[in-house]
Every structure is written in C-alpha cells, then in structure tokens.
Amino acid sequence: MNEADWRTWAEQATTGLGLVDAGLRLRWLNPAMAEALALGPRRAVGQPLATLLGDRAIEAQAARARDMQRTMHWRGLALPGDRQCDAALQPLDADTLLLEVHVLATPAAEESPVSASLRGLAHEVKNPLAGLRGAAQLLERRVGEPELKALAGVVIAEADRLAALADRLLRRGGAPRREALNMHAVLERVIALLEAEPVPLVIRQDYDPSLPELLGDADRLQQLLLNLARNAREAGARTLVLRTRAEHGVRVGDRRLRTALRLDVTDDGAGVPAALRDTLFEPLVSGRADGTGLGLALAREIAHEHGGELRHGGGPGATTFTLLLPLEH
C-alpha cells in the first residue's frame, strides 16, 4: 500500500492513529485520534507524546521503543472526560513511529461472560475492518462493472456495520440503539448478504405481512440472524426457512408478553450434538474443532438485550432456532 492509499485507509479508521517523529512529538493524526484526545488537529500536532497521553513516564518508555525499534504498549491511560484508553507505539523506521489509541470505557456493572469475551474481540478487529473498508473503497473506484461496484459497496456497508458494533461493545454497557424497524426488512438484508456468499443457502420465506414494527437495533438483530444462518451452514445445511408470526401470551423469562414476534429459523443440517444441547448458548462452547463458540452466545445475548429470548428445538434435518421479541412498545 502506497502512502496515498495508506492515508485514505487511516482517515477512515475508527481506531485513533497518529504519526510521531523522532523527537517524540505528534506529526499527524486521523479524525478518530483527534476525537480520542479531545483536541483539534492544529492543537495536537507538535505536542509531546507524554503530554498528549497525560503520563510523564511515557517519554522514557517511548524513547526506548524508538531506540530499540520495538513496540511499546500502555494500558488504562487517562483521557479527557473521565475516559481511559489502551495505546501502542510501533516504530515504522528510524524517524517515524505509529501511535494507536483505543478508547475504552468502564464495563457495565453486571457484564456477562460473552460481553467480556467480545470486548476483547472487538478491540482486535477494528483495524482489520478499517483496512477491509479502505481496500473495498479502492476497488469500488477502479472497477467498471456495475455488479462488481455493487459487491464492493456491500463490503463497505458491512465493514461500517461491524465497526459500529465493535464501537458499541467497547463503550459503556454496549447498549443497543433502539428505533422502530420492520423485521422483514432486516431479514431481506440478511438474505442479500447470504446470497452473495460463494456457496449460498437456498432460502425460503414464510412471512406474516400483518406484523407491526418493533423497537430494536437493526444492526444487532442482523448480526443475530447472520450468526444463526452461518451456524446452520457449518452444520451442513443447504436450505434455510425463515418464518414470522405474531404470538400472544408468550412467556419470556419471568414475564408474559401480551404480543410477541416469533421468528423461526429452520435448517436441514446435521443439528446440534446431544452433548451440547444443555450448554449450547454458553460462551466458548462449539461442536467444531475450529469453532469460536461465540456465535450462538452472542445471538442469545442480543435477544435478551431486546427483552426477548432465543430458543432451540428440533433435530437433524429440521433444526429450529426461535427468536421471540416483544411487539408492545
């Protein structure tokens, strides 16, 4: 990647990025870094690194990183506005170092095990997502075929969606941003993504068109559904049936919902191994040697965030995951 392309990528990155000179002063920063430091570029450029990060001890440590050409990491540094960050300083050459700043927030008081795992995952994926988005932008500009431009646009939109999800996981509580949405529109977006994959599933829709809108976070619900679909494909499914209905008087946890949306996601794969049925939704539980065990745990957590529930039933050849979401506002 040449310097112009790198600058394009860095300007879009959601991680704070800056270039530091051999004198350990900030030479350049991207918008995310300016936001993290709560400083405009004009005020930030030229400031000593130790001043920007609020710790005098950083100067000696950064000098060692420069002189020894080794990466230095800092955890829990204070930022303006009672915030904290993790930072890394990586030498690029004898005169230039790359500074990365990841803004953190105090975890929720009762953070679930899957949230704790996902915060670490979100921290790691933000930069690769920015690189993916930058590459897709370059492709979008250079390809001539409308179909390829559209596919590049899908990559950009998905990178933006996942970056937004990562940001929310790294911020206080990671609470969903709820607004009125049509669940069928979310489903159609998921279908479009699945059909763009190299070996697409055959998808059948059985929708109830009379269903009203519900309050939810479209990005998170889309992630829930993608996790279920990809879990089905990894279990050998070829066909996926998406069925929506209204259900009355359904019990979710210790509450009884007057009206709920019921979404059944049924696949013809191998099903869930009997040994995993009782722990299926727990973090780091997977039936595959290369599985992360986070997909279904995250899916159920998203359902709980929306005041709903995710259940499992059926068996080989007809495995069903049922999502229940409240319809009353």
Side-chain angles (χ1 to χ4, degrees), residues 1-107 116 118-135 137-138 159-160 162-164 166-172:
M1 185 182 294
N2 60 37
E3 184 174 350
D5 289 347
W6 184 87
R7 287 291 181 104
T8 298
W9 166 79
E11 291 285 345
Q12 299 290 335
T14 55
T15 295
L17 298 173
L19 295 177
V20 177
D21 64 22
L24 302 180
R25 291 178 179 271
L26 191 65
R27 192 173 75 201
W28 174 89
L29 71 166
N30 70 350
M33 177 72 82
E35 181 181 354
L37 299 175
L39 286 175
R42 290 185 180 179
R43 289 186 58 197
V45 170
Q47 291 281 348
L49 183 62
T51 300
L52 291 171
L53 297 180
D55 189 338
R56 292 182 181 179
I58 284 176
E59 183 174 359
Q61 295 164 355
R64 285 202 302 273
R66 175 199 60 202
D67 297 341
M68 300 176 67
Q69 291 291 289
R70 294 177 61 181
T71 300
M72 182 69 67
H73 296 274
W74 296 281
R75 303 290 184 190
L77 297 175
L79 286 175
D82 294 324
R83 296 172 302 153
Q84 288 189 324
C85 73
D86 292 346
L89 189 66
Q90 175 186 351
L92 299 179
D93 55 42
D95 299 315
T96 306
L97 301 96
L98 175 65
L99 174 66
E100 295 183 34
V101 168
H102 300 267
V103 179
L104 305 175
T106 304
L118 288 168
R119 284 185 71 248
L121 179 63
H123 184 92
E124 296 298 325
V125 303
K126 288 180 68 179
N127 275 348
L129 281 174
L132 182 67
R133 190 187 196 283
Q137 280 186 307
L138 293 173
D160 287 342
L162 292 174
D167 280 340
R168 270 174 263 165
L169 284 168
L170 288 170
R171 281 169 170 74
R172 191 179 303 274

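Scope of the values below: all heavy atoms of this structure, side chains included, with no hydrogens, waters or symmetry mates. FYI, the numbering just counts along the sequence from 1.
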**Q** For residues 10-61, which residue pairs pass the ring-ring contact (aromatic ring centres under 6.0 Å, His included) check, not counting sequence neighbours?
**A** W6-W28

**Q** By side-chain contact (heavy atoms from CB on, under 4.5 Å), which residues pair with T96, not counting sequence neighbours?
**A** L19, R27, L92, D93

**Q** For a 4.5 angstrom cut-off between non-hydrogen side-chain atoms, does L77 reach Q84?
**A** no

**Q** Working to the nearest 0.5 angstrom, can you tell me the gap between L17 CG and L98 CG?
**A** 6.0 Å

**Q** Kindly state each residue pair satisfying ring-ring contact (aromatic ring centres under 6.0 Å, His included) with at least one member in residues 40-59, sequence neighbours excluded.
**A** none

**Q** If you measure from CE on M72 to CG on L99, what distance do you get to the nearest 0.5 Å?
**A** 13.0 Å

**Q** Can you check whether G18's main-chain N or O pairs, donor with acceptor, with N30's side chain at less than 3.5 Å?
**A** no

**Q** Check whether any side-chain N or O of R70 sits under 3.5 Å from a backbone N or O of R64 as a donor-acceptor pair, and report yes or no.
**A** no

**Q** Tabulate below the donor-acceptor pairs under 3.5 Å that side-chain atoms of residues 36-52 make, not counting sequence neighbours, or state none.
**A**
residue	atom	partner	partner atom	Å
Q47	NE2	R43	O	3.4

**Q** What distance separates L53 CG from L79 CG, expressed to the nearest 0.5 Å?
**A** 7.5 Å

**Q** Only counting residues at least two apart or in another chain, list the ones meeting ring pair (Phe, Tyr, Trp, His ring centres under 6.0 Å) with W74.
**A** none

**Q** Would you give the length of the straight line joining atom CG of D160 to atom CZ of R133, rounded to the nearest 0.5 angstrom?
**A** 4.0 Å

**Q** Between V103 and C85, which heavy-atom pair has the shortest distance, and what is it?
**A** CA-CB, 4.1 Å

**Q** What are the two closest heavy atoms between A22 and A94, and how far apart are they?
**A** CB-O, 4.2 Å

**Q** Not counting sequence neighbours, which residues clear side-chain contact (heavy atoms from CB on, under 4.5 Å) with A57? List them please.
**A** D55, Q61

**Q** With the side chain counted from C-beta on, respond yes when R66 and P91 share a heavy-atom pair under 4.5 Å apart, and no when they do not.
**A** no

**Q** More than 12 heavy atoms of other residues, nucleotides or ligands under 6.0 Å from CD of E59: yes or no?
**A** no

**Q** First locate atom CD of E35, then atom CG of L29, and finally report the distance between them rounded to the nearest 0.5 Å.
**A** 11.5 Å

**Q** Could you check whether any side-chain heavy atom of V20 comes within less than 4.5 Å of a side-chain heavy atom of L89, counting everything from C-beta outward?
**A** yes

